[in-house]
Every structure is written in structure tokens, then in C-alpha cells.
There are 2 protein chains.
Amino acid sequence: MAEKGDSTRARILDEAMRIASRDGLEGLSIGALAAALPMSKSGLFAHFGSKSALQVATLEHAAQTVRERAAPGARLAPGPERLRFILRTIMAWIDDPGLPGGCPITGACVEFDDREGPVRETLLRLQRDTQRRAAESFAAFAHPSQDPDQLAFEFRAITLAYHHASRLLREERAGDWARRALEALIARAGRPMPD
Amino acid sequence: MAEKGDSTRARILDEAMRIASRDGLEGLSIGALAAALPMSKSGLFAHFGSKSALQVATLEHAAQTVRERAAPGARLAPGPERLRFILRTIMAWIDDPGLPGGCPITGACVEFDDREGPVRETLLRLQRDTQRRAAESFAAFAHPSQDPDQLAFEFRAITLAYHHASRLLREERAGDWARRALEALIARAGRPMPD
DNA sequence: GATTAACACGAACGATCGTGCTAAAAAAGC
DNA sequence: GCTTTTTTAGCACGATCGTTCGTGTTAATC
């Protein structure tokens, strides 16, 4: 049985997530990762077989981590409270001191948005999934004339802008801005759509 | 007089912007850039003296380009119409077929959000500038109880989410979503802030 | 026409990139 | 305790990275 291999694989991916957070998935190099563990380059490489496999594994590992942190939100019924919980979780994830460059998935989204390959496909799957979940929560309480996908788009917008304001601009008010934006969005979702 | 040098420098930066759009500012390599022009690696390098100087110059060039495209908006008074024009301009810029990876500045924002150095400082200056301009347009018509910085944050959110939906997800409805989000934001700006 | 400055080039540097191959060490199964 | 499988290390490869240097070519100045 593969026992030892799995635990070192997890150790590798934890560190890979950290490095990818700062330097991006492409900037994540096998040599630097091996040196940080520490481990031999070839020994590490044998776990994945290719760089893009390592990139995909790192992405999935990051997605799994944030999924676990958001798990308590599943107890809440889909609706405003769950959305507030998700936003808090994402904001804490973006500001996680263990991730010196913010969310590695967000980074990869910009890095690989136009590069075909397995990494992009993994990203698409992950992002479509979270988009769908946000839309569900909006649909649970929004006015029937409102489009859940529209609201989910704006929810995503808030998290992206928070990443931008918090990490690049280092703006202290970023948290307030994001919370207020969500409250306004929740309020609007309950009203009928104008036009 | 530096005559020939300036024109080749512009040619270099045009191509650098294209490559940085797809591969990021760090993925922009001197060798690949020289091969694409075509030009010798050393001849190109002499124009900038270092890679980070090339990165900064590429960023400034991109900012100048988008500034020129947004210039007609200066004729409009600060307010909703100008905001609509800016959003249209940014969306066209993000979808520009000459930029195979979307806006290179947005890419750099995620790539360099936690890497100290001249590139990050350039980004900070550029982003603070556009943030300030958006806040001005909101302040021109918003209800006094509204915070222009809050509204500018949400305006940025829309453009970031559009980049995400259009380039990564390749979602056709992205344009509609962004326009609707802006209209909702403009409408809210005119109303007093609740509580 | 001679001098000088600006510009581009080719070659080479040490370093690091991703990726194989082979053998030693460690763990697992009996 | 031995065998078999899994995991790691060592070493080397071709390619590419940013950068430096010396040289030639072109254009402007006197």
C-alpha cells in the first residue's frame, strides 16, 4: 500500500501551494520546491511525472483546502447567511499568512485564462462549481425576476476586488468595502429587477 | 538625436505587451521577445538594461495605450455617462484580439501583488490613479451619504469580474452582467446610504 | 571626408529550467 | 528474515534564462 508516499505528497503540495501563491503556478519550479522541503529534485519529480501534473495537483489541493474551510457553511441553509459566511471564509483565505501571495487559484485564473491545457480545464471546473454554488444561494431567496447568475457574477466580483484591494493596494478599508458591497447585493436580490 | 531608437523601442513594447498579456510579465522573456520581433537578444536588451526595467516599461506602455483609448471620455462630464464609457472602453480593451491573454496590467496585479520592487510600485501608482478617477465620477452625482471610494471599489470589482468571466470562463453573458451591474451601482449611488 | 555617437549584432557566461536514467535506501508483505 | 515493491537520491541531458562584452554598421556632427 502506498502509505509513506501519500504523506510526503501532501507535504509537497502544502509547500507548492505556498510558493504558487507568491510566484504563480508557472513560477513554481521543481528545483525551488525541492530545495524548500528539503528533498531531491528527482525524488520529488517522481511523485508527479510532469510539471503540469504538479500544477494541477497543487490547484486541486488548494481547492480542497478552501473547501474544507468553507464546509461549516453547508449547515446553513442557502441564503444570505450562507453568502456572508462564504465571503468571510474567502476573505480569511485570501489574507491567510500561510499564503504569502494570496489565493493561488485566483492567481492561476489570470495566469492561465488563455493557455489551453489541463491546468485551464481544472480551473474551469473549479470556478464553474463555486459559481454554481453562489447562484444557488441567491436563488433561494432572490426575487423571481432576478437572475441568479447575474448575482453570482457580482458576488465573484466582490471577492476579486477584495483580493485586489487587500493584497496589491494593502487597503485597510477593503474588508468594509467588501462587506458593504455584499449587503447591497443581498438587498437588491430581494427586490424586483428594474427595467 | 534619438530617432531610430524610439521607434524600435515602441515596436518592442507593442510586442512585449502582447506576450505579457498571454504569459505574464515574468513569463515575458527577452529571448522570446527578440525572436518574435525579430531582433537580437542583446540588441533588444540594450534598450532597457534589465528585465525589470523592461517590465516597468511594458506596464507604462500598456497604461498609456489604454489611457489613449479612454481619452474621449474626458469630454464627458464626470458622472454616469462617463462611467459607462469607461466600462465600455475597458471591456473592449480586455477583449482586444491584439491582446491574446487579456489586460496585461490586470495580469500583473495578481502576479506582483506581493513581490516588492519597481514593478509593484508602478502598479500601485497606476491602479491608485484609475481608482481616484472612478471615485471622482461617482462623487459628481452620488448622494452625499455615499462613499465614493466604496463605489469605486465596486466599479473595479465589475471590471475584474468581467475579465474573469470573459477570458477564463468565455461566458457570452459577461458583457450583459457587467453592464447590468454598473447600472445597479449607478442607481444605488444616487440613493442615500441605508442605516 | 574624418570623427563621433547611437544602435544592433553574435558569442559566450553561469545558472536554472523540466525531464530522463540508474541505483540505493526504505517500507511493506510474507 | 527474506523478497518485493515503493520511494528517494545522484547524475546528466539539452534548452533557455538574464546578462555581459566586444565588434561591426549606420547616422549625425564637425
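A/Ser29 comes within 4.0 angstrom of sugar-phosphate atoms only, judged by non-hydrogen atoms across all strands, and of no base. Residue contacts shown for B/Ala46 are absent, as no nucleic acid heavy atom lies under 4.0 Å away. When heavy atoms are screened at a 4.0 angstrom cut-off, A/Leu28 is found touching the sugar-phosphate backbone but no base atom.
The nearest whole Å value for the distance from the CG atom in A/Asp6 to the C1' atom in C/dA28 is 14 Å. Between B/Leu37 atom CG and C/dC7 atom P the separation is 16 Å, expressed in whole Å. Rounded to an integer number of Å, the gap from B/Phe48 CZ to D/dT20 C1' is 18 Å. Between B/Glu26 atom CD and D/dT16 atom P there is a gap of 18 Å when expressed in whole angstrom units. With rounding to whole Å, A/Phe45 atom CZ is found 11 Å from C/dC17 atom C1'. Protein atom CG of A/Leu44 is 14 Å distant from nucleotide atom P of D/dG10, rounded to whole Å. Rounded to whole angstrom, the span from the CZ atom of A/Arg9 across to the P atom of D/dT7 amounts to 11 Å. Spacing between atom CG of A/Leu25 and atom C1' of C/dG18 amounts to 16 Å, rounded to whole angstrom units.
The side chain of A/Ser50 has C/dT19 as its nearest neighbour among D/dC17, D/dT19, C/dT19. In this structure, of C/dC9, C/dG18, D/dC17, it is C/dG18 that holds the atom nearest to the side chain of A/Lys41. Of the candidate nucleotides C/dC17, D/dT8, C/dA8, C/dA8 has the atom lying nearest to any side-chain atom of B/Met39.
Judged by a 6.0 Å distance limit and a 45° cone about the ring axis, B/Arg82 is not positioned over the six-membered ring of B/Phe85.
One finds the CG atom of B/Leu160 at 12.0 Å from the SG atom of A/Cys109 (value rounded to the nearest 0.5 Å).
A donor-acceptor contact under 3.5 Å is not formed by the side chain of B/Ser42 with the base of C/dA8.
Contact between the side-chain N/O atoms of B/Thr8 and the OP1/OP2 oxygens of C/dA8 is found at a separation under 4.0 Å. Not one side-chain nitrogen or oxygen of A/His47 sits closer than 4.0 Å to the OP1 or OP2 atom of D/dT6.
Ring geometry for A/Phe153 against B/Trp177 counts as tilted: the plane angle lies between 30° and 60°, on a 0 to 90° scale.
For the salt bridge (charged side-chain N to carboxylate O under 4.0 Å, His left out) criterion with B/Asp114, the lone passing option out of A/Arg18, A/Arg167, A/Arg22 is A/Arg167.
Put simply, the side chain of A/Phe48 does not reach to within 4.5 Å of the side chain of A/Gln55, judged on heavy atoms.
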